[in-house]
Each structure stands twice: as structure tokens, then as C-alpha cells.
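What you see below is based on every heavy atom in this structure, not just the backbone, and it leaves out hydrogens, waters and symmetry mates.
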Amino acid sequence: MTATDTGGVLRQRALPGVDYAPEELGRGCRQRPEDVLAALAMPRTGRIFDLDAGRWAGMPVLDAHPPFVMTTYRTPRGGRIDGPAGRPDAQGAPTGVMTEFMAASTHTGTHVDALCHITEGEEWYGGGTEAEHLGDHGPVRAEASSIPPFVCRGVLLDIAALRGVGALPAGERVTAGDVRAAAERQGVELRPGDAVLIRTGYMSVWDAGAERRGAHFGAGIDLSAAEALADAGAVLVGADTENVECFPARDAGPFLPVHVRLLARAGVHIAELLYLEQLAEAEASEFLFLCLSLRVRGATGSMVRPVAIV
């Protein structure tokens with residue numbers, strides 16, 4: 001197995017049967033070495049903000065995805081009864097083994113959407129088609145194993161603070177004008193290669209019960225904001241919500257128009273359910289953004305644990 005050259009700074013092990021075409025990799029693979037070095041030089045305080053909202057049995061999950069299931073698979077007691085996992089070690093002390101079984105969508109909790117996640121008709125980003133690129137083990141083009149590591153400048157746009165609320169109300173629309181106003185208020189500019197994170201405040205109620213969550217569900221960016229972020233050169237657009245975009249959409253056109261614009265047309269990855277509360281409290285508007293995905297061939301996304309370093 002050889003390393004795959006993605007055409008930018010990234011070098012990675014090739015997976016069996018993988019031959020990535022440049023057009024399926026998206027913007028995140030186009031970084032230059034100087035871009036990475038500039039991002040790594042950003043932190044000034046060394047504080048790390050964990051942007052992963054976490055996962056647990058009974059956690060909130062959209063109806064479009066299966067519930068998160070975590071159950072014990074092996075236990076020390078079971079090993080002693082069933083053997084051989086509980087055999088004594090050389091000193092005679094019993095050694096037990098615990099393992100688990102997890103079942104979940106890759107879109108559970110904080111995650112990044114692969115570019116194949118959204119289709120237009122029978123096609124998706126990078127020339128993928130159902131007839132040629134959708135096999136029994138998932139899509140084989142622009143899927144999760146092609147999501148790049150994101151090591152870049154991150155920008156937080158705090159829309160809830162801009163509006164003077166703890167969390168935007170359900171279905172609230174965030175426009176291109178709001179994006180510009182938030183950036184101006186916070187004294188930051190958007191640059192090509194950025195990961196742009198949108199705070200609506202939803203994460204403050206996400207696990208507070210269905211009623212409180214429902215009062216804020218569906219706030220997000222509209223198509224005008226997505227266009228502005230794509231035009232600014234963002235490589236990733238994320239938010240603290242399930243959809244990133246305003247839902248239901250107010251724009252005429254396709255279902256999930258922001259996903260179509262960013263994933264299917266622009267090759268901009270989307271991150272959802274980012275925990276942005278502490279980052280906002282620290283008034284950290286720009287930072288080093290690190291986000292690594294699992295390279296699961298055929299998956300349509302990946303659970304992630306992103307961090308912001310300021």
C-alpha cells in the first residue's frame with residue numbers, strides 16, 4: 001500500500017481500492033505549507049477549547065439517524081464464566097477485560113459531513129453517480145475517507161451575541177448581512193482557507209429536553225450566508241446545530257439548499273453540533289482550528305473531536 005498524494009500538503013496511506021481523483025477532495029485538500037504554518041503560529045495563550053459535544057446513551061439524535069447505542073460486550077465476570085478473557089496473569093492476580101459494542105450513524109453528535117452526503121438527482125460532488133459509485137459498502141467517491149484533516153485558521157461568528165440573545169429562536173434565519181455584521185462587530189475578517197463556525201446558542205439547550213430544544217431548533221444560515229462564506233473561501237462551515245442551515249429553508253429551490261451549495265457544488269465540508277459556548281464566553285474570535293476525521297471507507301460522514309487553540 002502506498003501513500004496517496006492529494007495534490008496539496010496532505011500525504012496519507014492509500015486504502016484498498018482507493019484512487020482519489022483531485023476533483024472529489026474538496027477545498028480542504030488545497031492548503032499550502034505556508035497556510036498550515038501560519039495557522040500553527042496563531043495561538044498566543046495555549047488554551048485548548050474542546051468543541052466536541054460528546055455522545056452518550058439516550059442523547060438527542062435527529063429522526064433521520066438511528067439512536068446512539070452503547071452496550072457492554074465483554075466483562076471481567078463474563079470472562080471468568082465464559083473464559084478465556086479472565087485467565088490469571090503470571091503473578092496469579094485475575095485480569096479482566098471490558099469491551100463494548102457501539103451502533104450509531106457517523107452523523108451522531110459532533111461530526112463532519114463527507115461531500116457525498118448530499119446528492120443532486122443521482123449525482124454528488126466530484127462526479128459521483130449512483131450508477132457508478134454507490135456500492136454495497138457505501139459510496140466510493142468523495143466519501144469519509146477523503147475528508148482531510150483540518151489544520152487551519154478558525155473564526156467564530158457569534159450570531160446569538162450579535163442579536164443580544166442566549167440562543168436564536170426556532171427557525172431563525174442567519175443572512176449574509178448577519179455574517180458581515182458579526183465579523184465587523186468582532187473585528188475579524190474572513191480569509192480563504194478558514195473554518196468558519198457559527199454560534200446560534202443552540203448548544204446551551206441541546207440536552208435540556210425536547211421542549212426547550214424545540215424552542216430553538218432550526219436556526220441557522222440561509223443560502224445568502226452560504227454563498228458569502230463560499231465566496232470568502234471557507235474550507236469548512238460549522239455550527240452548533242444539527243443542520244447548520246435554517247430549517248425549514250426559506251429559500252426557493254432544493255431541499256437543504258445550504259448543504260447543496262456547500263457540499264454538492266462548492267466542495268466545502270460542513271461540521272455540525274459543535275460545542276461553542278465556552279469559546280464564545282472567552283470572546284475568542286480567531287484561533288487555530290484542528291479537526292480530525294476517522295477514515296472510514298464508504299461512510300457519509302465522521303464523528304470528530306475538534307479543538308480550538310487560542
Side-chain angles (χ1 to χ4, degrees), residues 49-71 102-113 117-118 156-175 178-179 182 195-223 225-226 229 236-251 255-260 262-263 269-282 291 300-308:
F49 290 83
D50 192 342
L51 308 183
D52 185 0
R55 292 153 202 86
W56 63 93
M59 66 180 288
V61 178
L62 278 180
D63 291 343
H65 304 298
F68 180 78
V69 177
M70 176 70 73
T71 186
M102 183 177 77
S105 164
T106 56
H107 300 265
T108 303
T110 309
H111 65 276
V112 170
D113 291 343
H117 181 47
I118 294 295
L156 173 66
L157 297 181
D158 193 342
I159 306 300
L162 175 70
R163 301 278 183 86
V165 298
L168 298 183
E172 186 77 359
R173 186 173 188 163
V174 176
T175 68
D178 294 318
V179 167
V196 183
L197 314 183
I198 306 293
R199 177 180 176 264
T200 71
Y202 180 70
M203 195 51 63
S204 66
V205 300
W206 178 54
D207 58 351
E211 184 175 351
R212 289 192 63 192
R213 187 166 60 248
H216 302 277
F217 177 81
I221 62 174
D222 69 0
L223 188 56
L229 294 171
L236 178 142
V237 174
D240 55 357
T241 66
E242 283 98 346
N243 294 309
V244 168
E245 63 185 283
C246 175
F247 186 85
R250 312 281 184 84
D251 302 288
F255 178 61
L256 298 177
V258 168
H259 277 65
V260 170
L262 295 178
L263 290 175
H269 286 85
I270 288 176
E272 293 165 324
L273 290 173
L274 295 162
Y275 181 72
L276 302 176
E277 295 303 290
Q278 293 174 324
L279 195 62
E281 289 171 8
C291 182
T300 63
S302 175
M303 301 180 206
V304 294
R305 187 180 183 180
V307 298

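Here the rule is side chain to side chain contact (heavy atoms under 4.5 Å, CB included) with Asp113, and of Leu236, Ile118, Leu263, Leu262 only Leu263 fits it.
In terms of heavy atoms, Trp206 sits closest to Ala53 at CZ3-CB, 3.6 Å. Of all the heavy atoms in Gly238 and Val244, the pair that sits closest is C-CG2, 4.3 Å. Glu272 and His111 get closest at one heavy-atom pair: OE1-NE2, 2.7 Å. What you find for Pro306 and Leu274 is that their closest heavy atoms are CG-CD2, 3.6 Å. Considering all non-hydrogen atoms of both residues, Pro60 and Trp56 come closest at CD-CZ2, 3.9 Å. The two residues Tyr202 and Leu273 have their closest heavy-atom pair at CE2-CD2, 4.4 Å.
Taking the side-chain contact (heavy atoms from CB on, under 4.5 Å) definition, one finds that Ala249 meets it with Pro257, sequence neighbours left out. Shown here are the side-chain contact (heavy atoms from CB on, under 4.5 Å) partners of Thr300, two or more places apart in sequence or in another chain: Thr106, His107, Cys116, His117, Pro139.
A donor-acceptor pair under 3.5 Å links the side-chain atoms of Arg55 to the main chain of Thr110, judged by distance alone. Judged by distance alone, the side chain of Glu245 and the main-chain N or O of His259 form a donor-acceptor pair under 3.5 Å. Remark: the backbone N or O of Thr200 is not paired with any side-chain donor or acceptor of Arg163 at under 3.5 angstrom. Here the side chain of Asp240 pairs a donor or acceptor atom with the backbone of Gly201 at under 3.5 angstrom.
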Could you list the donor-acceptor pairs under 3.5 angstrom formed between side-chain atoms of residues 214-222 and any protein atom two or more places apart in sequence or on another chain?
unit_1, atom_1, unit_2, atom_2, d
His216, ND1, Leu168, O, 2.9
Asp222, OD1, Ser224, N, 3.1
Asp222, OD1, Ser224, OG, 2.7
Asp222, OD1, Ala225, N, 3.0
Asp222, OD2, Arg173, NE, 2.7
Asp222, OD2, Ser224, OG, 3.3

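Side-chain contact between Met70 and Met102 is present, with heavy atoms from C-beta onward closer than 4.5 Å. At least one side-chain heavy atom of Met303 sits less than 4.5 Å from a side-chain heavy atom of Thr108. No side-chain heavy atom of Phe49 sits less than 4.5 Å from a side-chain heavy atom of Leu276.
Rounded to the nearest 0.5 angstrom, Arg305 CZ and Leu51 CG are separated by 10.0 Å. The CG atom of Asp158 sits 10.0 Å away from atom CD of Glu281, with the distance rounded to the nearest 0.5 Å.
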Derivation of the side chain to side chain contact (heavy atoms under 4.5 Å, CB included) call for Leu162 and Leu157: CA-CA 9 Å; Leu162 175 70; Leu157 297 181; over 6 Å; no

